[in-house]
Amino acid sequence: MELNGVGVWSSQLRYGDPSESADAAAELDELGFAALWIPDVGGPVFDAVGRLLAATERTVIATGILNLWMHSPDDVAESYAALTAEHGDRFLLGIGVSHAPLIDAGNPGRYRKPLAATASFLDGLDAAERPVPAASRVLAALGPKMLALSASRTRGAHPYLVTPEHTASARATLGKGPLLLPEQTVILTESADEARSIGTDWLRAYLALPNYANNLLRSGFSEDDLEHVSTRLFDAIIAWGDEEAVMRRVDEHRAAGADHVCVQVLLADPQAFPRDQWRRIAAAHRG
């Protein structure tokens with residue numbers, strides 16, 4: 001399983017119309033994207049992974065991330081074994097602990113000791129009848145302890161909502177061997193007003209989650225940056241402009257130590273598939 005170059009992170013591939021999702025995935029495969037990443041915020045995630053694997057021939061399908069509170073290790077290992085038996089070694093299991101406000105909303109107090117919960121989940125995958133190999137799993141990791149766990153127990157880390165500076169810090173923590181696979185949000189517009197219109201509320205929703213807020217504070221942003229979604233913060237997290245601007249940001253992550261960067265395109269309509277934008281990014285990457 002090769003993970004390099006550029007991938008696509010997309011909620012539409014996960015939760016959009018299944019037939020359009022399969023058609024889009026087949027095109028993304030042809031366009032040469034190395035991996036397609038999908039979220040897991042409820043619903044039958046392995047059905048979606050299976051559809052995307054069936055629609056593609058070369059591209060890795062990755063969960064970004066599988067919410068460990070929503071699954072048992074035995075069920076995950078069984079699904080992983082079935083999917084890889086049918087489609088080969090193209091399924092990367094990204095695992096994460098999500099966020100306390102989301103997990104505790106329906107079950108107060110459930111979200112606790114995230115590092116220990118993650119290690120226990122990995123223990124379960126190792127102990128399953130058909131274990132998920134460490135080389136086929138990565139962790140959502142932002143802070144140094146989770147990054148260290150990803151280096152010791154999985155193939156690497158999948159940080160989300162991060163800057164190239166965080167990528168450099170994460171690489172220093174991981175060392176040379178583990179994979180580093182950050183997500184990068186982008187908006188293809190040369191209008192600052194349009195970029196802010198599309199991205200501000202999207203970003204504000206993530207800033208309400210402590211894991212992301214705390215990581216950005218560790219990264220040198222202020223409470224004021226987060227409260228007001230400052231231009232400094234917005235431009236650091238969301239790469240906007242033409243496709244060359246997007247590729248410059250991808251290259252900054254690569255120069256900082258990323259092995260692979262998965263690009264998430266935002267549109268004014270969050271339900272729409274950004275297929276034209278994906279084509280433009282693929283052309284710029286090839287060029």
Next on the checklist: I'd like to know if the side chain of Gln12 and the backbone of Pro270 have a donor-acceptor N/O pair within less than 3.5 Å.
Outcome noted: yes
Item to check | Main-chain N/O of Ser222 paired to Glu227 side chain as donor or acceptor, under 3.5 Å | outcome: no
Item to check | Under 4.5 Å side-chain linkage, directly or through intermediates, the cluster mates of Leu147 | outcome: Leu174, Leu180
Item to check | Sub-4.5 Å side-chain heavy-atom contact between Val49 and Phe91 | outcome: yes
Next on the checklist: Around atom CD of Glu129, are there more than 12 heavy atoms from other residues, nucleotides or ligands closer than 6.0 Å?
Outcome noted: no
Next on the checklist: When you measure from the side chain of Arg249 to the backbone of Ala236, do you find a donor-acceptor pair of N or O atoms at a distance under 3.5 Å?
Outcome noted: yes
Item to check | Gap between atom CD1 of Ile281 and atom CD of Gln277 - 0.5 Å precision | outcome: 7.5 Å
Checklist entry - What closest approach, in Å, do Ala282 and Leu31 show between heavy atoms, and which atom pair accounts for it? => result CB-CB, 3.9 Å
Next on the checklist: Using the rule that Ile, Leu, Val, Met, Phe, Trp and Tyr join whenever any side-chain heavy atoms are under 4.5 Å apart, tell me whether Leu125 and Leu66 fall into a single cluster.
Outcome noted: yes
Next on the checklist: For Tyr80, does the six-membered ring have the charged nitrogen or CZ of Arg130 within the cation-pi criterion, i.e. under 6.0 angstrom from the centroid and within 45° of the normal?
Outcome noted: no
Item to check | Sub-4.5 Å side-chain heavy-atom contact between Leu13 and Leu28 | outcome: yes
Item to check | Check: Asp40 side chain, Asn67 main-chain N or O, donor-acceptor pair, under 3.5 Å | outcome: yes
Next on the checklist: Could you tell me if the side chain of His260 sits less than 4.5 Å from the side chain of Val250, heavy atoms only?
Outcome noted: no
Checklist entry - Hey, does Thr63 have a side-chain heavy atom less than 4.5 Å from the side chain of Trp37? => result no
Next on the checklist: I'd like to know whether CD of Glu57 has more than 12 heavy-atom contacts from other residues, nucleotides or ligands below 6.0 angstrom.
Outcome noted: no
Item to check | Note: Glu30-Arg58 ion pair, threshold 4.0 Å (strictly below) | outcome: yes
Checklist entry - Can you check side-chain contact (heavy atoms from CB on, under 4.5 Å) on Trp240 and Val246, steps first, answer last? => result CA-CA 7 Å; Trp240 61 271; Val246 169; over 6 Å; no
Checklist entry - Taking 4.0 angstrom as the limit, do Glu27 and Arg279 come out as a salt bridge? => result yes
Next on the checklist: Applying a strict under-4.5 Å side-chain criterion to I, L, V, M, F, W and Y, I'd like to know whether Leu217 and Ile237 cluster together.
Outcome noted: yes
Checklist entry - Donor-acceptor pair, Arg171 side chain versus Gly257 backbone, under 3.5 Å? => result yes
Next on the checklist: When you compare the side chains of Gln264 and Tyr160, does any donor N or O come within less than 3.5 Å of an acceptor on the partner?
Outcome noted: yes
Checklist entry - Do you know which two heavy atoms are closest between Pro178 and Ala151, and how far apart they sit? => result CG-CB, 3.7 Å
Item to check | Pairs where residues 264-287 contributes a residue and the test ring-ring contact (aromatic ring centres under 6.0 Å, His included) is met, not counting sequence neighbours | outcome: none
Checklist entry - Taking atom types as modelled and ignoring hydrogens, do the side chains of Asp224 and His228 form a donor-acceptor contact shorter than 3.5 angstrom? => result yes
Checklist entry - How far apart are the C-alpha atoms of Val265 and Val8, what are their side-chain angles, what is the distance that settles it, and do they pass the side-chain contact (heavy atoms from CB on, under 4.5 Å) test? => result CA-CA 8 Å; Val265 177; Val8 164; over 6 Å; no
Checklist entry - Can you find a side-chain donor-acceptor pair between His158 and Glu183 that sits under 3.5 Å? => result no
Checklist entry - Do Val97 and Leu115 belong to the same hydrophobic cluster, where Ile, Leu, Val, Met, Phe, Trp and Tyr are linked whenever their side-chain heavy atoms lie under 4.5 Å apart, directly or via other members? => result yes
Checklist entry - Are any side-chain N or O atoms of Thr200 and backbone N or O atoms of Ser197, one a donor and one an acceptor, separated by less than 3.5 Å? => result no
Next on the checklist: In terms of relative ring orientation, are Tyr206 and Tyr212 parallel, tilted or perpendicular, with 30° and 60° separating the classes?
Outcome noted: perpendicular
Checklist entry - Quick one: do Asp123 and Arg153 make a salt bridge, cutoff under 4.0 Å? => result yes
Checklist entry - Out of curiosity, Asp201 CG to Leu266 CG, how far, rounded to the nearest 0.5 Å? => result 11.5 Å
Item to check | Euclidean distance, Leu161 CG relative to Ile238 CD1, rounded to 0.5 Å | outcome: 8.0 Å
Checklist entry - Under 3.5 Å, is there a donor-acceptor pair between the side chain of Thr173 and the main chain of Ser169? => result yes
Checklist entry - Taking all non-hydrogen atoms of both residues, which atom of Ile187 and which atom of Ala195 are closest, and how far apart? => result CD1-O, 3.5 Å
Checklist outcome for this item: Correct closest heavy-atom pair for Thr189 and Glu194 would be OG1-OE1, 2.6 Å
Item to check | Closest non-hydrogen atom pair between His253 and Thr167, with its separation | outcome: ND1-OG1, 2.8 Å
Checklist entry - For the side chain of Asn215 and the backbone of Asn211, is there at least one donor-acceptor N/O pair under 3.5 Å apart? => result no
Checklist entry - Are Asn214 and Leu142 close enough that some pair of their side-chain heavy atoms sits under 4.5 Å apart? => result no
Checklist outcome for this item: Heavy atoms of Ala140 and Gly96 approach each other most closely as CB-CA, 4.0 Å
Next on the checklist: With side-chain hydrogen bond (donor to acceptor under 3.5 Å, both in side chains) as the criterion, how do Ser19 and Asp17 come out once you've worked through the C-alpha distance, each side chain's angles and the decisive distance to 0.1 Å?
Outcome noted: CA-CA 6 Å; Ser19 62; Asp17 176 77; 2.4 Å; yes
Checklist entry - Hey, is the main chain of Ala116 close enough, under 3.5 Å, to the side chain of Ser120 for a donor-acceptor pair? => result no
Checklist entry - Side chains of Ile38 and Leu52: does their closest heavy-atom pair fall under 4.5 Å? => result yes
Next on the checklist: Can a side-chain donor-acceptor contact be found between Thr56 and Asp29 if the only test is distance below 3.5 angstrom?
Outcome noted: no
Next on the checklist: Hydrophobic clustering (ILVMFWY, side-chain heavy atoms < 4.5 Å, transitive) - are Val263 and Ile65 grouped together?
Outcome noted: no
Checklist entry - Taking atom CH2 of Trp9 and atom CZ of Phe33, what is their separation to the nearest 0.5 Å? => result 15.5 Å
Checklist entry - Got Val45 and Arg14 here, is their nearest side-chain heavy-atom distance under 4.5 Å? => result yes
Next on the checklist: For a quick check under 3.5 Å, do His166 and Ser219 share a side-chain donor-acceptor pair by atom type?
Outcome noted: no
Next on the checklist: Would Asp89 and Ser136 count as a side-chain contact (heavy atoms from CB on, under 4.5 Å) here? Give the steps.
Outcome noted: CA-CA 8 Å; Asp89 187 25; Ser136 296; 3.8 Å; yes
Checklist outcome for this item: Taken to the nearest 0.5 Å, the spacing of Arg280 CZ from Met247 CE works out to 13.5 Å
Next on the checklist: Can a side-chain donor-acceptor contact be found between Asp74 and Ser72 if the only test is distance below 3.5 angstrom?
Outcome noted: no
Item to check | Nearest-0.5 Å distance that lies between atom CD in Glu78 and atom CZ in Phe46 | outcome: 10.0 Å
Next on the checklist: Are Leu267 and Leu188 packed together at the side-chain level, in the sense that at least one heavy-atom pair is separated by less than 4.5 angstrom?
Outcome noted: no
Item to check | Residue of the set Leu139, Val76, Val138 for which side chain to side chain contact (heavy atoms under 4.5 Å, CB included) holds with Leu93 | outcome: Val76
Checklist entry - Does a sphere of radius 6.0 Å around CD in Glu252 hold more than 12 heavy atoms from other residues, nucleotides or ligands, not counting ones at 6.0 Å or beyond? => result yes
Next on the checklist: Test your reading of the model: is there a side-chain donor-acceptor pair from Arg137 to the backbone of Val132, 3.5 Å cut-off?
Outcome noted: yes
